[in-house]
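Below is one structure, written out as structure tokens; the observations come after it.
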Amino acid sequence: MDKLIQLGSDIARLWAAHGPNYLLGIRNTLILAIAATAIGCLIGFLCGVLNTIPYTRQDPLPKRFLLKLIRVLVRAYVEIFRGTPMMLQAVFIYYGLPYFTDGSIAFKGMSGIWMASLLVVSINTGAYMAESVRGGIISIDPGQTEGAKAIGMNHVQTMTSVILPQALRNIMPQIGNNLIINIKDTSVMFVIGFIEFFAQHRNIVGLNMMYFPSASIEMIGYLTMTLTASFLLRWAEKKMDGDANFELVQEDALTMSAGTYSYPDKGTPFDERSKEYTGKGDD
């Protein structure tokens, strides 16, 4: 108990002396994580959609060649950025581009560090999201694509109006996972000089050597950010699901007759049966 009291006292002293620095690190971490997740999702959606454009042997050779080339490039991008640590990606982009271009492409000053960090985290997130989007698209029943084509929709209309709205709901948990991962993994950006939450911890510890109390502040801060992100994303998922408490309109002649509709929140798909079907009427 004495040690816990001592730890609380040390944390209070650290926060009183360096609170603004910790808050600045939290702000930078959140800005980078949210912006990079949004850009990474756009990259992932683009790659996922391009990677699922269908083609057949009856299509012209240039079209088949182009689509195969796109799939090869997307696959190479995904494998490279999923298979290497983000820290090394930051080093290669921040130091490698100036090296190979003789300094013509360089990230100068704090704005350059921000740009490099945003680029690294966005590209890394896009590589993970590309596979999530591809999986979300192919998880949709192929019959819906066939139905869309049957009523005259082209591929773009089918994707934007039929497939992607459903795929987006399926991959929402993965978007949330990527946001939470980015909140934590932005800590590796200190390798190129980005001042985020963990970098502030390193700087403060270098001044007073109070490593564990500062690490405790870091743990509480990261946990607070990730729990808040989880809560907001679950709220967004529920909003996308809509209200499950509804009544079926019976005035429409095309609506199914009473007793044949099963509510989604009652039981499971394996035990829902209508009274007419089971032969169990009202006593």
Side-chain angles (χ1 to χ4, degrees), residues 14-15 17-44 77-78 80-130 175-230 232:
L14 269 178
W15 187 263
H18 304 286
N21 293 332
Y22 284 117
L23 291 176
L24 177 62
I26 290 174
R27 188 202 69 175
N28 291 346
T29 293
L30 289 176
I31 292 175
L32 178 60
I34 294 172
T37 301
I39 297 173
C41 286
L42 293 177
I43 296 173
Y77 158 63
V78 169
I80 290 173
F81 281 89
R82 286 197 313 174
T84 55
M86 190 187 295
M87 182 180 292
L88 288 180
Q89 295 168 16
V91 170
F92 269 75
I93 290 177
Y94 186 76
Y95 297 106
L97 287 179
Y99 178 84
F100 285 108
T101 61
D102 293 327
S104 60
I105 299 178
F107 302 96
K108 299 179 180 179
M110 186 53 64
S111 60
I113 293 175
W114 266 96
M115 184 62 67
S117 301
L118 184 61
L119 182 63
V120 172
V121 182
S122 299
I123 293 176
N124 184 274
T125 303
Y128 285 93
M129 282 304 305
I175 294 176
N177 286 340
N178 280 322
L179 175 58
I180 292 172
I181 289 171
N182 285 341
I183 290 175
K184 297 180 296 181
D185 285 359
T186 52
S187 59
V188 305
M189 291 298 109
F190 77 88
V191 74
I192 61 174
F194 184 74
I195 306 299
E196 40 67 54
F197 195 28
F198 186 74
Q200 291 287 9
H201 157 71
R202 289 167 55 89
N203 294 338
I204 293 169
V205 168
L207 296 175
N208 51 42
M209 301 305 293
M210 298 174 66
Y211 199 96
F212 185 69
S214 182
S216 299
I217 294 176
E218 291 284 307
M219 183 71 72
I220 295 170
Y222 278 116
L223 189 60
T224 301
M225 287 188 285
T226 55
L227 288 178
T228 302
S230 297
L232 293 175

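It should be emphasised that the depicted structure is a prediction, and the values quoted were computed from it without experimental measurement. Atoms considered below: every heavy atom in the structure, side chains included; atoms not considered: hydrogens, waters and symmetry mates.
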- Task: State, with a plain yes or no, whether a side-chain heavy atom of Met210 is found less than 4.5 Å away from one of Leu14.
- Result: yes
- Task: Report yes if some heavy atom in the side chain of Val121 is under 4.5 Å from a heavy atom in the side chain of Asp185; otherwise report no.
- Result: no
- Message: If you define the side chain from C-beta out and look only at heavy atoms, does anything of Asn28 sit under 4.5 Å from Trp114?
- Response: yes
- Item | Nearest heavy atoms of Ile180 and Ser230, plus distance in Å | CD1-OG, 3.1 Å
- Item | Backbone of Phe197 reached by a side-chain donor or acceptor of Thr29 within 3.5 Å | yes
- How long is the gap from CE on Met86 to CG on Asn124, to the nearest 0.5 Å? 3.5 Å
- Query: Any side-chain heavy-atom pair from Ile181 and Tyr128 closer than 4.5 angstrom?
  - Reply: no
- Roughly how far, to the nearest 0.5 Å, is OH of Tyr77 from CZ of Arg82? 11.0 Å
- Would you check if the side chain of Ser122 reaches a backbone N or O of Leu119 as a donor-acceptor pair within less than 3.5 Å? no
- Query: About how many Å separate OH of Tyr222 and CD1 of Ile26, when rounded to the nearest 0.5 Å?
  - Reply: 9.0 Å
- Under 6.0 Å between ring centres, would you say that holds for Tyr99 and Tyr95? no
- Note on the structure: Of all heavy-atom pairs linking Thr224 and Thr228, the shortest is O-OG1, 2.8 Å
- Note on the structure: Heavy-atom closest pair (Phe81 atom, Ile123 atom, distance to 0.1 Å) is CE2-CG2, 3.3 Å
- Report the distance from atom CE of Met129 to atom CG of Leu42, rounding to the nearest 0.5 Å. 9.5 Å
- Item | Residue pair Asn182 / Thr125, side-chain heavy-atom distance below 4.5 Å | yes
- Any chance the rings of His201 and Tyr22 have centres within less than 6.0 Å? no
- Item | Over 12 foreign heavy atoms within 6.0 Å of CE, Met115 | no
- Task: For Ala106 and Pro98, work out which heavy atoms get closest and say how close.
- Result: CA-CG, 3.9 Å
- One should read off an interatomic distance between Ile113 CD1 and Ile192 CD1, to the nearest 0.5 angstrom, of 6.5 Å
- Taking all heavy atoms of Thr37 and all of Ile175, pick out the closest pair and write down the distance. CG2-O, 4.3 Å
- Message: Closer than 3.5 angstrom, by distance alone: can the side chain of Asn21 be matched with the main-chain N or O of Gln200 as a donor-acceptor pair?
- Response: no
- Query: Does Thr226 reach the main-chain N or O of Leu223 with its side chain, forming a donor-acceptor pair under 3.5 Å?
  - Reply: yes
- Task: To the nearest 0.5 Å, tell me how far Arg202 CZ sits from Ile195 CD1.
- Result: 10.0 Å
- Message: Would you say that Leu118 contacts Phe194 through its side chain, given a criterion of any heavy-atom pair below 4.5 Å between the two side chains?
- Response: no
- Side chain to side chain, Asn203 and Leu207, heavy atoms closer than 4.5 Å: no
- Side chains of Tyr94 and Ser117: is there a donor and an acceptor less than 3.5 Å apart? no
- Task: Indicate the atoms forming the closest heavy-atom contact of Leu32 with Met189, along with that distance.
- Result: CD2-CG, 4.2 Å
